[in-house]
Enquirer: 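Structure provided below as structure tokens; questions to follow.
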Amino acid sequence: MKLIDLRSDTVTKPTERMRRAMAEAEVGDDVYMEDPTVLRLQERAAELTGKEAALFVPSGTMGNQICIKLHSRPGTEVVLEERSHIFNYEMGASALISGVTLRPVRGEDGLLDWQKVNAAIHHNAAYYVTPTSMIALENSHNMAGGSVMPLGIADEICAGARALGLKTHLDGARIFNASIALSTTVAEIARPFDTVMFCLSKGLGAPVGSMIAGCRDLIREAVSLRKLLGGGMRQVGVLAAAGLVALDESPGVLPDDHANAQRLATGLAQIRGLKIDPEKVQTNIVIFDISETGMTTSQLTVELKARGVLANGINPREMRMVTHYDVSLEKIETTLGIIREIVER
Ligand code: TLP
């Protein structure tokens with residue numbers, strides 16, 4: 001049975017062009033900063049994000065954690081959104097690596113604003129109150145259904161934070177999806193932040209790797225932190241080559257993923273017992289509530305798998321489906337038919 005894999009956009013297989021580029025990549029020892037392909041990828045990422053410098057890291061998690069360490073000191077706090085990846089899915093790494101605590105704030109559809117962020121900041125507070133060191137935002141917001149943060153809101157939060165001497169980081173794992181939804185450039189989205197992380201291995205389809213970008217001094221420091229975390233790699237140009245192809249060929253096809261997610265959401269909204277507002281689906285992530293079907297997400301996951309569709313429950317009530325270039329519109333229609341058959345029987 002040919003599976004339809006909607007668990008994540010991390011499941012994509014490298015394209016033919018990526019595989020060819022990997023096979024032919026010019027390489028060197030990247031710990032000596034001598035890998036020409038990595039250097040090219042880093043230059044390209046800096047250019048795309050509008051920052052002075054960029055660094056190739058093995059994963060989005062490592063990228064986020066390096067940036068938290070750059071911007072904080074032990075015993076301080078990071079303000080972020082309650083459903084953010086850093087808060088929920090990075091294994092408490094920031095406590096372990098940076099010695100910080102995280103202060104989650106709930107945003108409507110994942111969207112914070114300066115008023116909410118400001119209310120959570122501890123600035124010039126009593127000496128026994130944990131001081132805030134930085135703000136970390138996520139755009140697009142994965143677990144808030146791929147929602148995007150308008151530029152004006154990010155600008156206001158970052159300006160407010162800067163005025164208080166706080167640092168800002170953007171988890172832009174899917175910043176290219178956000179740039180399409182916001183009809184703007186990646187550089188514009190990254191502009192107000194001190195650092196940004198984006199992933200090559202999600203919607204862009206590269207097999208491995210993420211980038212962090214910021215000013216030259218911060219990225220120089222980030223090189224040491226990457227080594228400390230075991231992320232200094234050697235002839236890693238074989239991976240960077242796929243990343244360069246991903247940056248070249250994939251942003252152009254992301255609108256198809258968004259259209260497929262929209263079709264999926266509209267179809268799901270018409271199935272009895274499923275709750276989703278298609279208007280809130282802005283990128284390639286579709287989260288829907290199945291509680292009125294009487295099934296739990298683990299039950300539905302098993303039933304879907306038996307019929308060749310892979311998807312994850314993010315809690316007992318809500319399923320997440322993510323579109324990517326290995327899922328065609330035809331597969332979306334098949335998926336809708338299968339869910340209808342299970343849920344409405
Ligand atoms: N997201 C994964 C899972 O970990 C949930 C997925 O399938 O969506 N930031 C954001 C916003 C992410 O969505 C992810 C991965 C990361 C960071 C971490 O990236 P990796 O997996 O490369 O460490």
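Start at 1 and go down the list; that is how both ligands and their atoms are numbered.
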Enquirer: For ligand 1, would you mind listing the residues that have at least one heavy atom less than 4.0 Å away, ordered by chain and number?
Expert: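 Only Ser8, Ser59, Gly60, Thr61, Asn64, His85, Glu90, Glu138, Asn142, Asp171, Ala173, Arg174, Met197, Lys202, Arg320 have heavy atoms that fall under 4.0 Å of ligand 1, ordered by chain and number.
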
Enquirer: How would you list all residue pairs meeting side-chain hydrogen bond (donor to acceptor under 3.5 Å, both in side chains) that involve residues 231-245, not counting sequence neighbours?
Expert: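 Matches after skipping sequence neighbours: Asp29-Arg234.
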
Enquirer: For a quick test of your reading: what N or O donor-acceptor pairs under 3.5 Å do the side chains of residues 195-202 make, sequence neighbours left out?
Expert:
residue : atom : partner : partner atom : Å
Thr195  : OG1  : His71   : NE2          : 2.8
Thr195  : OG1  : His169  : ND1          : 2.9

Enquirer: Please report the C-alpha distance between Gln282 and Ser140 in whole Å, then the side-chain angles of each, then the deciding distance to 0.1 Å, and finally whether the side chain to side chain donor-acceptor pair (under 3.5 Å) criterion is met.
Expert: CA-CA 9 Å; Gln282 296 170 291; Ser140 65; over 6 Å; no

Enquirer: Can you list, pair by pair, the side-chain donor-acceptor contacts under 3.5 Å of residues 148-163, counting residues two or more places apart and other chains?
Expert:
residue : atom : partner : partner atom : Å
Asp155  : OD1  : Arg191  : NH2          : 3.4
Asp155  : OD2  : Arg191  : NH2          : 3.4
Arg162  : NH2  : Pro192  : O            : 3.1

Enquirer: Determine, for Glu303 against Arg307, whether the closest basic-nitrogen to carboxylate-oxygen distance falls under 4.0 angstrom.
Expert: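 Yes, charged N to carboxylate O under 4.0 Å.
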
Enquirer: For Ala311 and Met321, work out which heavy atoms get closest and say how close.
Expert: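 So the minimum-distance heavy-atom pair works out to CB-CE, 3.8 Å.
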
